[in-house]
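Here the structure is laid out as structure tokens; the discussion comes afterwards.
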2 protein chains.
Amino acid sequence: MGDRPATAARARPGPAILELVCCAVVDGRLAVLTERGRTARGGTLPWSPLDPAGPLDASAARWVRGLLGRAPGWMTQLGAFSTGGRHPSGAVLTVVYVAVVPSDTEPPAGFAWSPAFEPPPLPPRRQWVLDAAVAGLRDRMDLAPIAFRMLPATFTLSELQRIYELLLGRRLHKASFRRALQAAFLVEPTDAWRSEGRGRPAQLYRYAPRKRRGVRRPVRFELLA
Amino acid sequence: MGDRPATAARARPGPAILELVCCAVVDGRLAVLTERGRTARGGTLPWSPLDPAGPLDASAARWVRGLLGRAPGWMTQLGAFSTGGRHPSGAVLTVVYVAVVPSDTEPPAGFAWSPAFEPPPLPPRRQWVLDAAVAGLRDRMDLAPIAFRMLPATFTLSELQRIYELLLGRRLHKASFRRALQAAFLVEPTDAWRSEGRGRPAQLYRYAPRKRRGVRRPVRFELLA
DNA sequence: TCAATAGTGTCTGTTAGACATTATGGA
DNA sequence: TCCATAATGTCTAACAGACACTATTGA
């Protein structure tokens, strides 16, 4: 059944690279991990040649874990894109992954957090990828625990709401937010409280989703165009 | 593009192939386009070596257009997967696209519609891809005009509702469905009617989305786990 | 006439958002 | 004390689903 591609793949430059859009909330803003110093013209996203052996998601997970020094809070594949032949590695394809990490994650050496909405100048293709990744986080945060994985193990409900507001790009109603959260059985209170500046201390919660069955969302028509 | 994959693959093993999950509603069931006869052990999905030049989405669009003889009603990239080294083309990566076409689309020579929920025996990886593709259609049909593109230019509201019911896997309430559709300004009635068998004739509609701004969906927590 | 499907009006329980109020700390 | 934030109760408009009903065709 066919010849092994391994020889050809190892002889020539790798066919594809992995690229990472890693997001966190830093200083109250959405931040993305960028590599700095490679070129003078601006930043770049973390990338790595692809090891063609084994499942793609597992390869990416290993790479990101090694890069960050810890497993990301959440990660998914955004998709594959052609490099346009301009990538220095000689790769033809880029497979982009999107990950989120808690706010207290230190950037690895040579990397830094950049504001996701005013990033350093990026090549047009990378800027497009970044925008698509943030849009993907926004669209999936109701189905995946993205916001919860951008927080430490315990957090206040106001912190959680701020994550949602940052990713959705709009203010949310506090009482409504908490009612819906309560009804979803996703968090449970701890007996710890945190006093932050002036006002009343806030209770700390932890992400503890309880299985609920038979939750069917109604049909919605939300096409914009 | 569009030539027989076997020759191109043997001439120079490409780094990646394109694979297509093309869905339509045929005989009241969700169907997927399968290639037949290559092997005795079951069907396979349409695939093609990837032309590494140019944007990936454009290459895929050209290939699918040539394969079907017409542009698909809607298409998006599902993602990239490793072949596990077992693909006869020698490719390492598979980039899967998902497309939908109207019910009256004839399968190209050598292909056939297979029931998406009881397909011919597929290799495990392809079965997984098919399931993921159908799940992707289900999850995105509220944000993209997927159901509308599986219908001819004019259609009855009952036909539209049947598409939604097939993809969502559950029955929908007729009055609610039409109310929500009306509120979304997505269809407009034509002055044509269609008499189908016994009952009262149904009015034909066309997909004609009108821009509406300021439509913000509420925050929802729909994590299953 | 009956059967079958299209299309619509009404009612009701649920929910999202607005508003108001209380609670509890720091300055 | 004043102020800022947390947390919650109440009201209202909108909405989803159930139900019933009318409309219009073929058999």
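Chain identifiers are assigned alphabetically (A, B, ...) following the order of the sequence lines, protein sequences preceding nucleic acid strands; residue numbering begins at 1 within each chain.
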- Check against salt bridge (charged side-chain N to carboxylate O under 4.0 Å, His left out), B:R70 and B:E106: CA-CA 10 Å; B:R70 55 183 287 184; B:E106 287 296 323; over 6 Å; no
- Stepwise, does the ring-ring contact (aromatic ring centres under 6.0 Å, His included) test hold for B:F81 with B:W128? CA-CA 11 Å; B:F81 307 88; B:W128 189 91; 5.6 Å; yes
- Note on the structure: Its 5'-most and 3'-most nucleotides having an atom under 4.0 Å from a non-hydrogen atom of chain A, DNA chain D is contacted over D:dC3 to D:dG17
- Note on the structure: Assert: residue with more 5' nearest nucleotide on DNA chain C, out of B:R179 and B:Y205, is B:Y205
- Message: Show every side chain to side chain donor-acceptor pair (under 3.5 Å) that has at least one partner inside residues 175-193 of chain A, sequence neighbours left out.
- Response: A:S158-A:R178, A:S176-A:R179, A:E188-A:R206
- Within the distance-only criterion (no hydrogens, no angle test), does the side chain of B:T34 pair as donor or acceptor with the backbone N or O of B:L45 below 3.5 angstrom? no
- Item | Sidechain-backbone polar pair: B:T94 side chain, B:I17 backbone, donor-acceptor under 3.5 Å | no
- Residues passing the side-chain contact (heavy atoms from CB on, under 4.5 Å) test with A:A180, sequence neighbours excluded, are B:F221
- Output yes when at least one side-chain N/O atom of B:R178 is less than 4.0 Å from OP1 or OP2 of C:dT8, else no. no
- Pairs touching residues 106-126 of chain A that satisfy ring pair (Phe, Tyr, Trp, His ring centres under 6.0 Å), sequence neighbours left out: none
- Message: In the structure I gave you, are the side-chain heavy atoms of A:V219 and B:D142 within less than 4.5 Å of one another anywhere?
- Response: no
- Within residues 190-199 of chain A, the residues having a heavy atom closer than 4.0 Å to DNA chain D are A:W193, A:R198, A:G199
- Item | A:Q182 CD to C:dT14 P, straight-line distance once rounded to whole Å | 17 Å
- Could you go step by step and tell me if A:F177 and A:Y164 meet the ring-ring contact (aromatic ring centres under 6.0 Å, His included) rule? CA-CA 10 Å; A:F177 182 83; A:Y164 272 86; 5.5 Å; yes
- Query: Any side-chain heavy atom of B:F148 within less than 4.5 Å of one from B:L160?
  - Reply: yes
- Item | Contact list for DNA chain D against residues 149-176 of chain B - heavy-atom distance below 4.0 Å | B:H173, B:S176
